[in-house]
Amino acid sequence: MKYYYSPGTSALAGHIALLEAGFEPELFQVDIMTRTIDRTGDYLAVNPKGYVPVLEIESGVPLTETVAILDWIDQHTAGHEGASGMERHRLLETLAFLSTEVQKPFAFSFFLSGDEAVAMLRSMVEERFVLIAGQMTERYLLGPRFSVADALLYVTLRWARMIEMPIPERMLAYIADVEARRTVQRALWEEGLN
Ligand SMILES: N[C@@H](CCC(=O)N[C@@H](CS)C(=O)NCC(=O)O)C(=O)O
């Protein structure tokens with residue numbers, strides 16, 4: 001199994017989730033500006049979309065899109081059933097929300113230069129963290145167990161902390177909790193982030 005990532009990007013979510021699921025992916029670092037891979041060259045040959053992540057489940061079977069990758073990991077976690085029925089719909093609902101309403105606007109704000117546009121996108125993201133914090137009644141986003149959705153939420157909160165965005169108290173405690181996980185520490189270390 002191969003995993004294409006760029007340090008600290010949304011690809012960190014899949015990296016954490018793979019380790020949580022007990023996989024030992026071969027990691028390939030991608031430069032998303034030049035679209036090249038550390039050891040093997042042209043990233044567009046792997047993913048014509050140009051962005052990370054890609055999970056190559058087996059040779060010639062690439063999967064793109066964080067939502068699909070995290071759902072695949074959830075369904076293939078050793079010793080865990082994988083969400084089904086309404087629980088899976090809730091998981092996909094949460095992943096879609098985090099991906100399209102939090103991660104993507106947040107990511108755009110890093111690439112834009114206009115102050116007004118950046119401020120607008122970031123205030124939208126900030127509001128969404130407040131919303132999520134208000135709805136979190138259990139230890140993790142979807143209950144007492146760490147799920148693939150937590151990996152994605154954590155990555156976006158990590159970005160928020162990096163740019164000193166105000167973060168609700170509940171989320172600060174949550175970040176500390178997630179960061180104490182061995183898999184998270186390992187993923188950060190493997191991406192050269194600690
Ligand atoms: N829809 C994609 C978006 C992933 C994405 O935004 N990746 C960013 C890093 S956070 C990236 O690689 N950007 C470079 C580019 O868009 O060329 C997904 O959910 O996986």
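Whatever order the structure lists ligands and atoms in, that order sets their numbers, starting from 1. FYI, side chains are in, hydrogens and waters are out, and symmetry mates aren't considered; it's all heavy atoms of this structure. It should be emphasised that the depicted structure is a prediction, and the values quoted were computed from it without experimental measurement.
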Does the plane of the ring in [X] sit parallel, tilted or perpendicular to the ring in [Y]? Use 30° and 60° as the thresholds.
| X | Y | result |
| --- | --- | --- |
| W159 | F110 | perpendicular |
| F23 | W72 | tilted |
| F146 | Y140 | perpendicular |

>> Nearest non-hydrogen contact with atom 8 (C) of ligand 1 belongs to which option: I69, V52, T66, V67?
In response: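 Residue with the shortest heavy-atom distance to the ligand atom: V52.
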Ligand-residue contact atoms, ligand 1 with [X], heavy atoms, under 4.0 Å:
| X | value |
| --- | --- |
| P53 | 20 (O) |
| S99 | 19 (O) |
| S10 | 4 (C), 5 (C), 7 (N), 9 (C), 10 (S) |
| Q103 | 5 (C), 6 (O), 10 (S) |
| R35 | 15 (C), 17 (O) |

>> Check whether F108 forms a cation-pi arrangement with K104 (NZ or CZ under 6.0 Å from the six-membered ring centre, at most 45° off the ring normal).
In response: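 Output yes; distance and angle both within limits.
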>> As an exercise, state the distance from CG of L157 to CD1 of I132, rounded to the nearest 0.5 Å.
In response: 7.0 Å
>> Which residue is it: L153, D74, D71? I am looking for the one with a side-chain contact (heavy atoms from CB on, under 4.5 Å) to V148.
In response: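 Among L153, D74, D71, the one meeting side-chain contact (heavy atoms from CB on, under 4.5 Å) with V148 is D74.
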Return the closest protein heavy atom for [atom] as residue, atom name and distance.
| atom | result |
| --- | --- |
| atom 16 (O) of ligand 1 | Y51 CB, 3.6 Å |
| atom 6 (O) of ligand 1 | K104 NZ, 2.8 Å |
| atom 1 (N) of ligand 1 | E65 OE1, 2.6 Å |
| atom 9 (C) of ligand 1 | T9 CB, 3.7 Å |

> Would you call E87 and R90 a salt bridge, taking side-chain N to carboxylate O under 4.0 Å as the test?
Replying inline: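 No, this pair does not count.
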>> Salt bridge or not between R186 and E190? Use side-chain N to carboxylate O under 4.0 Å.
In response: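 A salt bridge links R186 with E190.
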> Would M33 count as a contact of ligand 1 if the rule is a heavy atom under 4.0 Å away?
Replying inline: no
> Would you call K49 a ligand 1 contact, heavy-atom distance under 4.0 Å?
Replying inline: no
